[in-house]
Every structure is written in C-alpha cells, then in structure tokens.
Protein chains: 2
Amino acid sequence: MPVGFNADEMQKVDEVVEKRRRIKQGERLFSSGDAFTSLYAIRTGFFKTCVASEDGREQVTGFQMAGEIIGMDGIVADHHNCNAVALEDAEVCVMPFASVEELSRELPVLQRHVHKIMSREIVRENSVMMLLGNMRAEERLAAFLLNLVQRLHARGLSQSELVLRMTREEIGSYLGLKLETVSRTFSKFSDDGIIEVKQRYVKIIDADALKKIFNSQIAY
Amino acid sequence: MPVGFNADEMQKVDEVVEKRRRIKQGERLFSSGDAFTSLYAIRTGFFKTCVASEDGREQVTGFQMAGEIIGMDGIVADHHNCNAVALEDAEVCVMPFASVEELSRELPVLQRHVHKIMSREIVRENSVMMLLGNMRAEERLAAFLLNLVQRLHARGLSQSELVLRMTREEIGSYLGLKLETVSRTFSKFSDDGIIEVKQRYVKIIDADALKKIFNSQIAY
DNA sequence: TTGTTTTTTTGACATGCATCAAGGAATTTT
DNA sequence: AAAATTCCTTGATGCATGTCAAAAAAACAA
C-alpha cells in the first residue's frame, strides 16, 4: 500500500479488502476467461501469470511476489485474459474492483496509486519486450536473476541468495528460451564463477559480472 | 472517446483537451526521460513507441494510429519511459493527466474508460510477449498484418489493402526479427499467393491462409 | 534532371538456440 | 522404503534466423 494516507483514509482503503483467499501451490487464483471482479494483492506466496495460444503454447508473462497486484488484465474486457497460478502456497487480499474505483473517486492518492500500478505493469512489459526481442540467452537470464534478487531484496531478503520458485521450463517460457537452454546458461554462469547453482537454490557470486552481461558489454 | 456520456459529460471531457499539437514525420511527441504531464489522443497520423537499451539497441514496443491513446508509460515514474515518434505527419490532443484524473473522479464512466485503456495496453503487451517468445517468423508477420488490417478496418479502411507506415527494420524491431528476415517473409507470402507486396503497399489475397499461419496449423 | 541517401531485396554463409536423446537427481506417491 | 513421477543436466545434431554483402528500387535533395 502506498504512503500518503492519513489514518482515516487508511481505514477506508482497508475496507476495500473484501476478504482474503488462500491458494494452494499449483492452483489458480483466476483463469483466462473468468469473469473479472477483483484485483488481488499478494500477501504471501509467489505466482506466475501466463497466456496460452490456440494451439496450446504457453507464454509466462510474469512472476509476482508479495506486495504486488495482479488481475489488471481483466479490466478491459470484464474477463481475465491470463491464468494466475500459485507457485507456492499463497494468500491474497481480494479487492473488488468496483470498490477500488469507488474509493478512488474519493481519495486522489488512491486513484493515483492505482494508475501507477497499471503504468508500472506497462513499463515492465516494455522491458520484457526488449528482452525477448533483442537479447541473447545469457543476457536474458542475467536480467531475470538481477530483477528477481532486486525485488527480493526490497522485501528484506538477501541480495545474493535466492530460491527459485519456478521450474527451468517456466523460466524458459518467460524468457523465450527452452528449458535446456536455461539449464545450460545456469551451468555456464556457474562454470564462469558468476553464480552457484544447486537446483532451485542460486547464489550470486559476482553481481557486477551479471550486470555486465545484462548490459552486454561483452569482453571478447 | 467512449460511448455512455451524455451531452453535459461530453462537454466536460472535451474541456480536458488542453490543446492540439502537430508532429511532423520523424519528430517525437515525447522522449524517454521527458517529464510526464499528459496523455495524448492521436487524431491523425501514425506513431511508433520504442525503448532503447543502454548499449543502444532499440525495441519498437508498438505502433499506434488515430483514436489510440499514448503516454501511459509515464505515469508510474512521472517521466516517460519510451520515445513516441511520428511515422507520418500527425496531430494529437493533449490531455493533461491531472485534469483527466480530476474529471475521472467526477465521472465514473470516464474513470472506467481510463482503466480500460490501460488494461488494454497490458493485454496487448501480453500478446506481444507470446509472439516474441513462442512464434516463428512467419507467424509473427502474419499476426502483425492481421492485427494491422483489423485496426485499419475498424477505422473504415480496407480489410485487405494497406500501406505500411514503417520500414522493414521497424517491423523487424517490433517482431524481434532482422529486417532481412521481414523482407524474406514478405517475399515468401507473396510467392505463396497469400499477399501482394510492392514496397510499403500490401494487399492481402488469402486472409484465411494468414490466419492459419498465425494459429500455426502448419500443413506439412 | 542528376546525384545522394535510404530502403528493400536477394544470395551465401554462419551461428545461437532448438531438438532429440539419455541418464541422474530430487520430489512425491504408494 | 520402494516406486513413480517430475525436474534437471548434458551431449550430439539440425535448423531458423542472423550476418555479411551487393545490387536494385525508391525517396529525397540539389
């Protein structure tokens, strides 16, 4: 929740939260085609969102963690456009969108906050487009890891160690790579002494090297 | 502008438009880093939006035409995150975002409209991610052409003929392909009798074939 | 018109990642 | 604990697209 609320406003914002909902690992918070009613604030847990093409190919469009808002894809057509799957047991706050809109009309700070959240998602997707359109496998994985630790660190976790909540295949889907390529790239980073990997556990040894790869200052 | 306004509301919405601005072909409506003040409704002309990475690679993130709104990328950080370049002489309505927000608080229909526009952009970018992450060159170009004619047709133009406002390189940047690949794929579609191409002019001969390629019902 | 620049097309060749395959490690189920 | 399943790693090979190059066509400028 944003800063800039006084106590009274804060209470009103709290009242928008209709209830909480628990989602078990592997279950869906919502599916493509579901009627859109609410946005969801992730309290705990980790989600992926993904879209599927007609012939069954799946594209992971994002990974979301505690404190992030999902469901905005549903506003435009009153039904959801992607699936939101819990990658670990999770709990979300259900925020009926009609209430969010109503209160937004009363509280300009909330209104602005909602707009920023949606704008942030647009900007994030822009940078994923850059990643998918222009970067090579190593750059993509470096960008992915740096983004992940940065977000985890903002939540008080380590800057250098993380436990992936998703499979190589899901990482690959997000990055536009096959799972074998993801695995090989992890191994290469490990061989180069940039990271330590043991399955889902990753430790970043040389963050600068990762950043250089990301900015593709390739040293031939 | 959306339906659902009465005359009085319509007038208020009109008043949000501060002024109009003309942008010559090749000039920028806004640049990455510019202070964010306004959204822009395209009245006439055609734009591309693009982001650049530190090492200078450019990714076209979208092509926008009359009736579409650009600038929402700027909300989150109060400065723009991409460049908006006119691909032909254009005219836009400048809508100061503070006024949009103010009036949105008064008019729920406008509020909902603003939310839908942002949600639509999120959903569009999701499908671009699918395109960049999962599709092959022919599928990408087919999707691109179908999307373009569909939008042009919605504006009263032909369902089957169009004049591209962008170069092969810009198409390639949007689709995550090199310009040579775009050119070759155009030639292949032409050889297969699916389209006619003469430089920027494209005529769709067999829309069903394009749709099949897009859905990748490949007939080996 | 003529010259210059930009854009497009096409060919030859290179390469990064995908595909196919197999085995090993970890996790879940029985 | 054993069996089954899922996930991960690694090797061999292939292919779609990138790269390099050159020329043609179109657009623009002088």
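None of the values given here were measured: they were computed from a predicted structure. Every chain is numbered from 1 and lettered A, B, ... according to where its sequence line falls, protein lines coming before strand lines.
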Would you mind classifying the nucleic acid contact of [X] as base, sugar-phosphate or nothing, using non-hydrogen atoms under 4.0 angstrom?
X	value
B:S183	base
A:R140	nothing
B:L177	sugar-phosphate

>> For A:K198 and A:E180, find the nucleotide of DNA chain C closest to each by heavy atoms; which residue's nucleotide sits nearer the 5' end?
In response: A:E180
>> Using a 4.0 Å cut-off on heavy atoms, which residues in residues 160-172 of chain B reach DNA chain C? List them by number, or say none.
In response: B:T167, B:R168
>> Tell me whether B:R168 forms a cation-pi arrangement with B:F186, defined as NZ or CZ under 6.0 Å from the six-membered ring centre and within 45 degrees of its axis.
In response: yes
Give the rounded distance in Å between these two atoms: [atom1] of [X] and [atom2] of [N].
X	N	atom1	atom2	value
B:R136	C:dC17	CZ	P	18 Å
B:E139	D:dA16	CD	C1'	12 Å
A:L141	C:dG16	CG	P	17 Å
B:F189	C:dT9	CZ	P	13 Å
A:L175	C:dG16	CG	P	18 Å
A:Q199	C:dG24	CD	C1'	10 Å
B:R57	D:dG18	CZ	C1'	14 Å
A:R200	D:dT6	CZ	C1'	10 Å

>> Here's a test of your reading of the structure: between B:Q25 and B:T181, which maps to the more 5' nucleotide of DNA chain D?
In response: B:T181
Any chance [atom1] of [X] has more than 12 other-residue heavy atoms, nucleotides or ligands included, within less than 6.0 Å?
X	atom1	result
A:E58	CD	yes
B:E161	CD	yes
A:E169	CD	no
B:R22	CZ	no

> Which of these, B:Y40, B:F30, B:F47, sits in a side-chain contact (heavy atoms from CB on, under 4.5 Å) with B:I23?
Replying inline: B:F47
> Has the side chain of B:R140 got a donor or acceptor atom that lies under 3.5 Å from a matching backbone atom of B:M135?
Replying inline: yes
>> Determine whether a donor-acceptor pair (one donor, one acceptor, N or O, separation below 3.5 Å) exists between the side chain of A:R184 and the base of C:dT19.
In response: yes
